[in-house]
Amino acid sequence: MNHGGYGGRRGSRGGYPATGQWVFRQKSEISVAVDSSLDESSGNRGRGSRGRGRGRGTISRSPRYSSRYGNDQHSRMQLYVKKSNVKLVEEGVQEDGKSHEPIIGSAKLPDLGAGLKLSGDNKDLSKLSASSSSKNTSLSGCSFVSRECEDTYGARMGCDVVNRMKDVSLSCQESVSSSSNQKIEVSSVEDHNSARKSGGALNSSNESSMRPFDLFLEKSVMVLKPSLLVQGKERRKETKGIVIRPGMVLLKNYLSINDQVMIVNKCRELGLGEGGFYQPGYRNGALLHLKMLCLGKNWDPQTYQYGETRTVDGSSPPKIPVEFSQLVEKTIKESQSLVATNSKKMNGEDGIPSMSPDICIVNFYTSTGRLGLHQDKDESKESIRKGLPVVSFSIGDSAEFLYGDQRGDDKAEMVVLESGDVVLFGGKSRNIFHGVRSIYKDTAPKVLVQQTNLRPGRLNLTFRQY
Ligand SMILES: O=C(O)CCC(=O)C(=O)O
Ligand SMILES: [Fe+2]
């Protein structure tokens with residue numbers, strides 16, 4: 001199989017050998033996690049809250065994801081400094097606490113240059129956002145034991161440093177405060193390796209968008225189990241079928257936690273393999289605000305066509321796991337009987353035809369991910385003419401899902417899709433405009449996150465028949 005210029009990617013799952021390793025040099029025993037993202041989050045900066053208002057009325061006819069364009073391609077890195085209060089100090093900027101706060105969370109590549117410092121004491125967990133383009137990052141004020149930080153999986157680079165002192169989990173997202181002056185340094189091996197591979201063109205959008213992407217966060221040292229109460233509550237959610245409009249059905253809480261865990265695990269595994277997750281881009285270079293994995297056939301955002309291989313790297317899409325297809329079949333039957341009982345005049349016109357999926361597009365949205373209103377119309381004419389349904393599984397964080405007969409966000413209806421929800425749109429609703437306006441942070445079922453270590457964000461699978 002030709003992997004073109006991206007041949008290294010496959011090896012990286014096994015390979016990508018040195019890409020994105022982060023080395024922490026420091027002096028004591030704290031954990032640090034560095035999470036770098038060159039993904040959809042960047043494109044959302046500057047938007048209003050939750051991205052409302054973007055892309056309004058701008059959907060052009062053909063682009064499937066037409067309003068997902070984003071020009072801000074700054075890469076963003078998030079530093080999780082566990083058990084320590086830190087502050088971000090740009091080189092050359094006074095360490096006066098307050099003056100640095102604005103830098104945190106909004107630092108962009110050009111501002112940071114080659115170095116970036118964090119300083120603080122060892123009290124709280126903190127999260128910093130900064131540019132991943134910086135060649136060196138130093139953390140001051142923490143006693144860190146430098147483990148290693150592997151950018152195992154690209155666009156969102158995970159680096160987990162263990163708190164050897166207390167053996168506690170370190171994920172936290174508090175604001176940064178200041179203080180002490182102990183130091184640790186973080187330097188990005190990724191930069192050096194990327195430089196080698198790309199001849200110095202670091203952080204080029206190609207390079208970063210093709211980095212392997214792991215749906216899982218690295219396991220923390222200590223994983224807190226959700227209480228039995230939480231688990232009980234999450235299990236008690238009732239399954240309910242709703243006919244939203246002719247041809248469109250919502251199966252609320254349809255996927256059990258076990259199904260969701262199975263799906264997440266399979267997507268994670270497939271997403272790390274050949275043809276795995278990447279951040280797709282349009283012909284003009286703009287990146288979509290999500291990570292994508294195609295199963296069965298590859299959908300190409302540059303041509304809006306399906307193919308047997310992915311043009312950007314020559315990889316073949318993995319097959320759709322049989323367990324997925326079985327679930328899809330079940331949901332279609334379920335919807336058909338729901339429609340049949342709901343509709344007195346069952347003349348077939350409001351129904352949802354059966355289909356056997358040979359395409360699945362798996363999208364992963366971080367909390368700032370989104371997807372502009374579009375129609376799914378790149379399947380065969382026959383498939384669309386027959387109204388073969390698109391079947392959509394939502395897993396993880398909840399999302400505002402827009403749908404309607406017209407293009408504008410303001411003309412669309414909205415439904416919140418939660419983890420386990422399934423939406424089908426076929427028949428008379430096959431050509432609806434639809435999209436994802438926003439993701440609700442931290443709304444994924446705790447038990448799912450605990451059982452899978454799924455990253456914060458939302459996983460969506462849409463099944464279709466070509
Ligand atoms: O994430 C979703 O709910 C929708 C995804 C979608 O419309 C697509 O991939 O075409
Ligand atoms: Fe779609």
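Nothing fancy with the numbering, it's 1 onward along the sequence.
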Checklist outcome for this item: Nearest heavy-atom approach of Ser354 to Ile332 is CA-CG2, 4.0 Å
Checklist outcome for this item: Looking only at heavy atoms, the pair that brings Ser209 and Leu287 closest together is CB-CD2, 4.1 Å
Next on the checklist: Side chains of Thr462 and Arg464: any donor to acceptor distance under 3.5 Å?
Outcome noted: yes
Centre-to-centre under 6.0 Å for [X] and [Y], is that the case here?
| X | Y | result |
| --- | --- | --- |
| Phe213 | Phe364 | yes |
| Phe324 | Phe393 | no |
| Phe425 | His434 | yes |

Salt-bridged, [X] to [Y], with N to O below 4.0 Å?
| X | Y | value |
| --- | --- | --- |
| Lys252 | Glu418 | yes |
| Arg268 | Asp214 | yes |
| Glu334 | Lys330 | no |
| Asp397 | Lys441 | no |
| Lys266 | Glu269 | no |

Checklist entry - Under the side-chain hydrogen bond (donor to acceptor under 3.5 Å, both in side chains) criterion, do Asp300 and Thr311 qualify, and how do the steps go? => result CA-CA 7 Å; Asp300 184 346; Thr311 324; 3.0 Å; yes
For [Y], does its backbone N or O pair with a side-chain atom of [X] as donor and acceptor, under 3.5 Å?
| X | Y | value |
| --- | --- | --- |
| Ser419 | Ala444 | no |
| Gln375 | Asn431 | yes |
| Thr309 | Ser316 | no |
| Arg211 | Tyr278 | no |
| Asn265 | Val261 | yes |
| Ser383 | Gln465 | yes |

Next on the checklist: ring pair (Phe, Tyr, Trp, His ring centres under 6.0 Å) for Phe433 and Tyr403? Distances and angles first, verdict last.
Outcome noted: CA-CA 5 Å; Phe433 286 90; Tyr403 63 94; over 10 Å; no
